[in-house]
Asker: 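I have a structure I would like to understand better, so I am pasting it below and will then ask my questions one at a time.
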Amino acid sequence: MKKAWLYIGILLLTACAKKADWQEPEMNSALIIVDGIITTESKEQYIHIHYNKAELNGELVPLSGAEVIINNEDSTWQLYEDPGEEGKYISAGVFAAQLGKSYSLLILYQEQIYSAQAAMVAGKTFPELIYKENENDDLYHISYVASAFEEEDPAMWEILLDWSEVPGYENTDPNQAKKRLLFYTLTTLDVSQIFAPLVEQVFFPAGTRIDQKRYSLSDEHADFIRSLLLETSWQGGVFPNDPANVLTNISEGALGFFGVCAVNSLSLTVAP
């Protein structure tokens, strides 16, 4: 029976294989891209704005000189461009997004107005992720964060790893001793997701600090992330998707997404 299933699997894989001539998609570098999430964390909120890439592997060009405003029914916040990072717009003071409020983003640039609206869904507490020791050395790896599929409550998971202060790693390049990982729980399950290309695992020593955050996602936000993953991380696997436009909630002339997320977090230290 096991051999029969193996033959069926091989037949399916070979039957679906076909030669295709891939053409690099045309890139409209005049479009602006908005990447912005405000959260329930009391902090200086910020968004990034840049131009669309001129070519597939081109560098991002920040959009400088825009006027940016976020508001809800009660308050308005002006965002100012970070003097140390072009294209990053930061609120003048700290504030936290609130459940039950509707938020609007307004961007004025060269007499063009771009806008977006978003609302938050409630957050949820969660258990610690699971990490395991490697079989061939004394380092560790993350084995489980959360389910990739749930019928309700989509979420984005941000995992921050920091072992820069672990004895023996104090002189390590900070970029090599700190890592940021993203995982997603979505209400859909795609074949290209199941058979997505393998990603590089991150290995870390005992004593590593792990900060784990869960960002609640509205259905519209989850749909945007799914469409983005279908065009990026989930491409190149056994069952690739036909190219399609990534969803957006930004008004015409811009792409990207403006979201409002409730954040729940916890911290732990890797124990030997």
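No hydrogens, no waters, no symmetry mates; every other heavy atom, side chains included, goes into these values.
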Asker: For residues Asp162 and Ser164, is any side-chain donor paired with an opposing acceptor at under 3.5 Å?
Answerer: yes
Asker: Please work out which of the three classes, parallel, tilted or perpendicular, describes the rings of Trp157 and Phe126, given edges at 30° and 60°.
Answerer: perpendicular
Asker: Do Leu79 and Ile69 come within less than 4.5 Å of each other through their side chains, counting heavy atoms only?
Answerer: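 No, their side chains stay 4.5 Å or more apart.
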Asker: Answer yes when Glu158 and Arg180 have at least one side-chain N-carboxylate O distance shorter than 4.0 Å, and no when they do not.
Answerer: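 A salt bridge links Glu158 with Arg180.
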Asker: Output all residues satisfying side-chain contact (heavy atoms from CB on, under 4.5 Å) with Val61, sequence neighbours left out; order by chain, then residue number.
Answerer: Tyr51
Asker: Please report the shortest heavy-atom distance between Leu106 and Ser115, naming the atom on each side.
Answerer: CD2-CB, 3.7 Å
Asker: With sequence neighbours left out, what residues match Glu85 under side-chain hydrogen bond (donor to acceptor under 3.5 Å, both in side chains)?
Answerer: His48
Asker: Looking at residues at least two apart in the chain, or sitting in another chain, which of them share a side-chain contact (heavy atoms from CB on, under 4.5 Å) with Asn171?
Answerer: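 Applying side-chain contact (heavy atoms from CB on, under 4.5 Å) to Asn171 gives none.
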Asker: Name the one of Ile107, Asn249, Asp35, Ile37 that satisfies side chain to side chain contact (heavy atoms under 4.5 Å, CB included) with Phe258?
Answerer: Asn249
Asker: Kindly write out the residues that satisfy salt bridge (charged side-chain N to carboxylate O under 4.0 Å, His left out) with Glu41, not counting sequence neighbours, or none if the list is empty.
Answerer: Lys43, Lys213
Asker: Determine whether a donor-acceptor pair (N or O, by modelled atom type, separation under 3.5 Å) exists between the side chain of Ser216 and the backbone of Ala262.
Answerer: yes
Asker: Is Val68 close to Leu105 at the side-chain level, that is, under 4.5 Å between some pair of heavy atoms?
Answerer: yes
Asker: If we only count heavy atoms from C-beta on, is the Ile38 to Tyr103 side-chain gap below 4.5 Å?
Answerer: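 Yes, their side chains come closer than 4.5 Å.
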Asker: Does the side chain of Ile210 reach to within under 4.5 Å of the side chain of Leu129, using non-hydrogen atoms?
Answerer: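 Ile210 vs Leu129: side chains touch.
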Asker: Check the side chains of Glu150 and Thr187 for a donor-acceptor pair under 3.5 angstrom, ignoring hydrogens and angles.
Answerer: no
Asker: Locate the shortest heavy-atom distance separating Leu247 from Ser227; write the atom from each residue and the value.
Answerer: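 Smallest interatomic distance, heavy atoms only, reads N-OG, 3.1 Å.
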Asker: If we ignore hydrogens and angles and just use 3.5 Å, is the side chain of Asn72 paired with the main-chain N or O of Ser75 as donor and acceptor?
Answerer: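 Present.
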Asker: Please check if the distance between the ring centroids of Phe257 and His221 is under 6.0 Å.
Answerer: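 Ring-ring flag for Phe257/His221: true, centres closer than 6.0 Å.
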Asker: Side-chain polar contacts of residues 263-272 - donor-acceptor pairs under 3.5 angstrom, sequence neighbours left out - could you list them?
Answerer:
{"unit_1": "Asn264", "atom_1": "OD1", "unit_2": "Lys124", "atom_2": "N", "d": "3.1"}
{"unit_1": "Ser267", "atom_1": "OG", "unit_2": "Arg209", "atom_2": "NH2", "d": "3.2"}
{"unit_1": "Ser267", "atom_1": "OG", "unit_2": "Asp211", "atom_2": "OD1", "d": "2.5"}

Asker: How close do Gly256 and Ile250 get, heavy atom to heavy atom, and via which atoms?
Answerer: O-CG1, 3.6 Å
Asker: Measure up the Phe204 and Tyr140 rings against each other and bin them: parallel (under 30°), tilted (30 to 60°), perpendicular (over 60°).
Answerer: parallel
Asker: Apart from Tyr144 itself, what residues make up its hydrophobic cluster, given side-chain heavy atom links below 4.5 Å?
Answerer: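 Under the 4.5 Å side-chain rule, Tyr144 groups with Ile130.
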Asker: Give, for atom OG1 of Thr172 and atom NZ of Lys178, the distance between the pair rounded to the nearest 0.5 Å.
Answerer: 12.0 Å
Asker: May I ask you to test the Asp153-Arg214 pair for a side-chain heavy-atom distance under 4.5 Å?
Answerer: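 Yes, their side chains come closer than 4.5 Å.
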Asker: Would a 4.5 Å heavy-atom cut-off, applied to side chains only, mark Ile33 and Ile49 as touching?
Answerer: no
Asker: Working to the nearest 0.5 Å, report the span between CD of Gln78 and CG of Asn71.
Answerer: 11.0 Å
